[in-house]
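Worksheet for the structure shown next.
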Amino acid sequence: MFLRTRIHPTDELNGNLYLSCLFFGLVHMMFNGFSELPLMIFRLPVFYKQRDNLFHPAWAWSVASWILRVPYSVIEAVVWSCVVYYTVGFAPSAGRFFRFMFLLFSVHQMALGLFRMMASIARDTMIANTFGSAALLVIFLLGGFILPKEMIKPWWVWAFWVSPLSYGQRAISVNEFTATRWMEKSLFGNTTIGYNVLQSHNLPIDGYWYWLGVGVLLLYMVLFNIIVTLALAFLNPLSKTQTVVPLNAGKENSDGDHLAGQKLNTNPTSLGDGAKKGMILPFQPLTMTFHNISYFVDMPKEMRMKGIPEKKLQLLSNVSGVFSPGVLTALVGASGAGKTTLMDVLAGRKTGGYIEGDIRISGYPKEQNTFARISGYVEQNDIHSPQVTVEESLWFSSSLRLPKEVSKEKKHEFVEEVMRLVELDTLRHALVGLPGSTGLSTEQRKRLTIGVELVANPSIIFMDEPTSGLDARAAAIVMRTVRNTVDTGRTVVCTIHQPSIDIFEAFDELLLMKRGGRVIYGGKLGESSQTMINYFQEIKGIPPIPNGYNPATWMLEISTPAAEERTGQDFSVIYRNSEQYREVEASIERLNTPPAGSERLKFASTYSQDNLSQFRTCLWKQNLVYWRSPPYNAVRLFFTAMSALILGTVFWDIGSKRHSTQDLFMVMGALYSACLFLGVNNSSSVQPVVSIERTVFYRERAAGMYSALPYAAAQGLVEIPYIALQTIVYGIITFFMINFERTIRKFLLYILFMFLTFTYFTFYGMMAVGLTPSQHLAAVVSSAFYSLWNLLSGFLVPKPKIPGWWIWFYYICPVAWTLQGIISSQLGDVETKIVGPGFEGTVKEYIEESLGYGPGMIGVSAVVAAAFSVFFFGIFAFSLKVLNFQNR
């Protein structure tokens, strides 16, 4: 960017470019330290746990982590210096080069210390990010480059002396501009060029400032790390987890314990009106048959390296079976037997691999797009939007998944019915919250996950390990919900991992698998699992089941590979030759012919609602999510108001001063820092929100609730009112405090450009999340772009000075268009005469000459900034539609 072949230490203008490059290096090091914030907060919970258990004192941990950061700073400083120093062509002596490197190292260490201090005091990502950004803003503004020291208002001078960046800036400038090559006589006055450059920016000219600056930076580093140690030693983590306790908790507890103590009652008549529960909407009972299902994936690289010749790895091998209405089927097997794989294949949830075999629904071949409308899939992980209540979650699912023909009243009635069925009616107004920290308990979340599928009124429901991670009482409550569902006449299939005796007895049929995806038993369980026990006890060498022993545990123990080896038999072969297998084959044969008078399932569209209804419903939910996210929205507004006040007081009454080029430079500095800082803050704070919502989106889209575009449109549109409010707060405070020219046109243009800037930054943050698999990666990728945008926005290096091979980036840099629009709109028509080094003329001419902003570009800039918003948003929507970072 600053290649030395083009810039020579010949005059003050090039001197200013060198200074820009030095400043950019310092700011880059400061921003690099920012990544320490989320990392530190991420590590705090483990630290607190170890500290409270007296593993080690706080200083041991903080000193160790500080020492571990030293090599990182060394690498940063060495790489930056080696790449930048000689290509730009700073003062070539070795001593100056190493001093430059040491100074960058000190700045980086200081920045790491500063952000670790912020993190250890705030202990919360949102708060730390906000105050971290505000600290950066103050340090950045008052570091002595954007605002020379004499221009700083008297009430902010203390901040200049406190700002570590000002010492870094002084040290690095002195190191460069006191070199012999800057000692040539200047064209202006009888001083040297180096002296003039330093003077114009109010920088000192004595060599001792280098060591003073480095010393102060290192002292700051020590100070910050001492504060980190004290914060770690004396502060406690912010909040403990909380769970919602329903009003009639006492009654429910006694029910649950009573239930866990006795056998789970599976007889439908004993459930009273069980058979009628959840039946207010009619549904069609469906039978699912599958025959000789095999599933292959490409052979993993690690296995190919070990010399395995096959191209494909088989995970399921000729699995056959029947799932009937009103029958609860268990898929059981050791870990890795292919239970979840089989379920994903049958439900059509696989995103890759090769499937062979025949799947039929009531005798007709299964079609995936109609199948999603009549089936539900309860995933193992309970993924829900944290800011929505239980009732709203169910209502959202039913609005999008029930057919258009169902009236609103009927839907409400049905949601009520389902809420009673899954026993969540006492918790209807409880917020779902984040798993493990706020809101519903694990078992309540699981029942909500089941409820969200039930309100779609499916005929076939798949459940992936509904009881895993639950204690006996919670598992009993969930299984009671599952049983209630089966008794409505639906087809329900559960994978289950080492069930207890009560849970196992609730099932009617069993499909038992062994590793390699082979079936070793399929069919009825019988009263107290007797049918299955008799089958296995007939095999030679199998010990009888001990009295009162859990049949599920016994069945898994006798069918292990070790047991097969001991008896010298392959259970899957025995099953293939058994009467049991022939019965299953016969029933598949029978059910493969569609019943007389039936017709195959047909739906006019893939989704039950049209695009507009999908968009309206998604917008309704996103609106709730945003309204109930004060940590995101309130903090964002607070940060905006705080930044506006900081900028307003720093640049107080500066907008009307137009006496010298330096005054103009400051007005532009004010505009530039505003765009960049708040924009970057918007972009980084939107990322965690979008990231959490995206995991929910994957589940809801797989369930066939909506297509990607209405969802993306809602996610984008819901941001607009908040951005508008932010713009108004920010615009009014800064416009009048900085005192720009007060005409309605200029004020509205100012507001417009700020609004467009905040919008494209926010959408850029969304796009970064959309294109990357994780929020951490999105943060890293976007920060690389902030640095480039900062450098090539036409402020640090004006457009006429950008080298030809980088000028294309200037045109695709959104910040450059904002700056061009906002500076042209405020100063492009000013005819005041100004004088400065190497320039004499009007403000208008100065802007054209030094920044390359021609007349008539305001409209173009606004259109381009708006186009960037649309472009970033379009890519975000496209990424949701096309990319799926969930591999199944």
Side-chain angles (χ1 to χ4, degrees), residues 2 9 12 14-31 33 73 77 80-81 84-85 88 90-91 93 95-111 113-114 135-154 156-183 191-224 650 662 665-666 669 673 796:
F2 294 95
E12 280 76 358
N14 283 333
N16 282 339
L17 276 182
Y18 273 94
L19 205 56
S20 284
C21 184
L22 292 170
F23 178 69
F24 180 71
L26 289 182
V27 170
H28 181 80
M29 287 293 160
M30 286 284 298
F31 272 102
S73 296
W80 183 266
S81 309
V84 169
Y85 199 88
V88 172
F90 287 131
S93 68
R96 289 182 191 276
F97 171 70
F98 285 113
R99 290 199 304 198
F100 177 80
M101 194 188 290
F102 183 59
L103 185 80
L104 288 184
F105 165 79
S106 314
V107 170
H108 195 253
Q109 271 292 311
M110 181 279 305
L114 173 71
L136 263 184
L137 180 63
V138 174
I139 289 172
F140 182 74
L141 283 182
L142 301 168
F145 176 76
I146 289 184
L147 267 181
K149 179 171 161 270
E150 66 182 21
M151 311 284 266
I152 294 176
K153 302 291 171 214
W156 275 108
V157 165
W158 61 271
F160 171 79
W161 290 114
V162 172
S163 167
L165 200 62
S166 64
Y167 294 96
Q169 177 69 25
R170 291 179 155 215
I172 206 164
S173 314
V174 165
N175 184 42
E176 170 64 29
F177 289 105
T178 53
T180 42
R181 62 180 197 163
W182 291 101
M183 288 306 173
T191 47
T192 63
I193 295 175
Y195 177 82
N196 274 3
V197 172
L198 292 173
Q199 274 302 92
S200 72
H201 287 273
N202 274 87
L203 294 162
I205 45 179
D206 308 312
Y208 67 81
W209 267 97
Y210 172 77
W211 292 109
L212 186 79
V214 169
V216 170
L217 286 171
L218 294 176
L219 276 176
Y220 264 122
M221 169 188 80
V222 175
L223 172 73
F224 290 150
V650 169
Q662 202 175 358
F665 187 73
M666 278 182 57
S673 37
L796 287 180

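These numbers come from a predicted model, not from an experiment.
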Query raised in the report: How many angstroms lie between CG in Leu26 and CD1 in Ile139, if you round to the nearest 0.5 Å?
Result: 12.0 Å

Requested in this report: Using the ring pair (Phe, Tyr, Trp, His ring centres under 6.0 Å) rule, take Phe140 and Phe23 through it: C-alpha gap first, then chi angles, then the decisive distance, then the call.
Outcome: CA-CA 10 Å; Phe140 182 74; Phe23 178 69; 5.7 Å; yes

**Report entry** Close side-chain approach of Phe90 and Asn175, heavy atoms under 4.5 Å
**Finding:** no

Query raised in the report: So which heavy atom on Leu203 is nearest to which on Arg170, and how close?
Result: CD2-CG, 4.0 Å

Report task. Find the distance between CD1 (Ile152) and CG (Leu142) and round it off to the nearest 0.5 Å. Result -> 5.0 Å

Report task. Identify the two heavy atoms, one from Ala77 and one from Leu104, that lie closest to each other, and give their separation to 0.1 Å. Result -> CB-CB, 4.0 Å

**Report entry** Main-chain N/O of Ala91 paired to Tyr85 side chain as donor or acceptor, under 3.5 Å
**Finding:** yes

Requested in this report: Find the distance between CZ (Arg99) and OG (Ser106) and round it off to the nearest 0.5 Å.
Outcome: 12.5 Å

**Report entry** Backbone of His108 reached by a side-chain donor or acceptor of Ser73 within 3.5 Å
**Finding:** no

Query - Taking every non-hydrogen atom, the tightest pair across Ser173 and Leu19 - result: OG-CD1, 3.6 Å

Requested in this report: Report the C-alpha separation of Phe160 and Leu147 in whole Å, then their side-chain angles, then the decisive distance to 0.1 Å, and conclude whether the side-chain contact (heavy atoms from CB on, under 4.5 Å) test is met.
Outcome: CA-CA 10 Å; Phe160 171 79; Leu147 267 181; over 6 Å; no

Query raised in the report: Between Tyr220 and Phe224, is the gap from one ring center to the other below 6.0 Å?
Result: yes

Query - Nearest heavy-atom neighbours spanning Trp80 and Gly25 - result: CZ2-CA, 3.4 Å

Report summary line: Closest heavy-atom pair, Asp206 versus Val174, reported as atoms and distance to 0.1 Å, is O-CG1, 3.5 Å

Query raised in the report: So how far is it from Thr178 OG1 to Trp209 CH2, rounded to the nearest 0.5 Å?
Result: 14.0 Å

**Report entry** Partners meeting ring-ring contact (aromatic ring centres under 6.0 Å, His included) with Phe177 (sequence neighbours left out)
**Finding:** Trp182

Query - Reported OH-to-CG distance for the pair Tyr167 and Leu217, which is rounded to 0.5 angstrom - result: 9.5 Å

Report task. Using the six-membered ring wherever Trp is involved, compare the ring planes of Phe102 and Phe105 and label them parallel, tilted or perpendicular (cut-offs 30° and 60°). Result -> parallel

Query - Exam field: side chain Thr192 to backbone Met183, donor-acceptor pair closer than 3.5 Å - result: no

Query raised in the report: Does Arg96 use its side chain to pair, donor to acceptor, with the backbone of Glu176 at less than 3.5 Å?
Result: no

Requested in this report: Would you give the length of the straight line joining atom CD1 of Ile205 to atom CD of Gln199, rounded to the nearest 0.5 angstrom?
Outcome: 5.5 Å

Query raised in the report: What are the two closest non-hydrogen atoms of Val214 and Leu103, and how far apart are they?
Result: CG2-CD1, 3.3 Å

Query raised in the report: Counting only heavy atoms not in Trp161, do more than 12 fall under 6.0 Å of its CH2?
Result: yes

Query raised in the report: Do side-chain atoms of Ser163 reach the backbone of Ala159 as a donor and acceptor pair under 3.5 angstrom?
Result: no

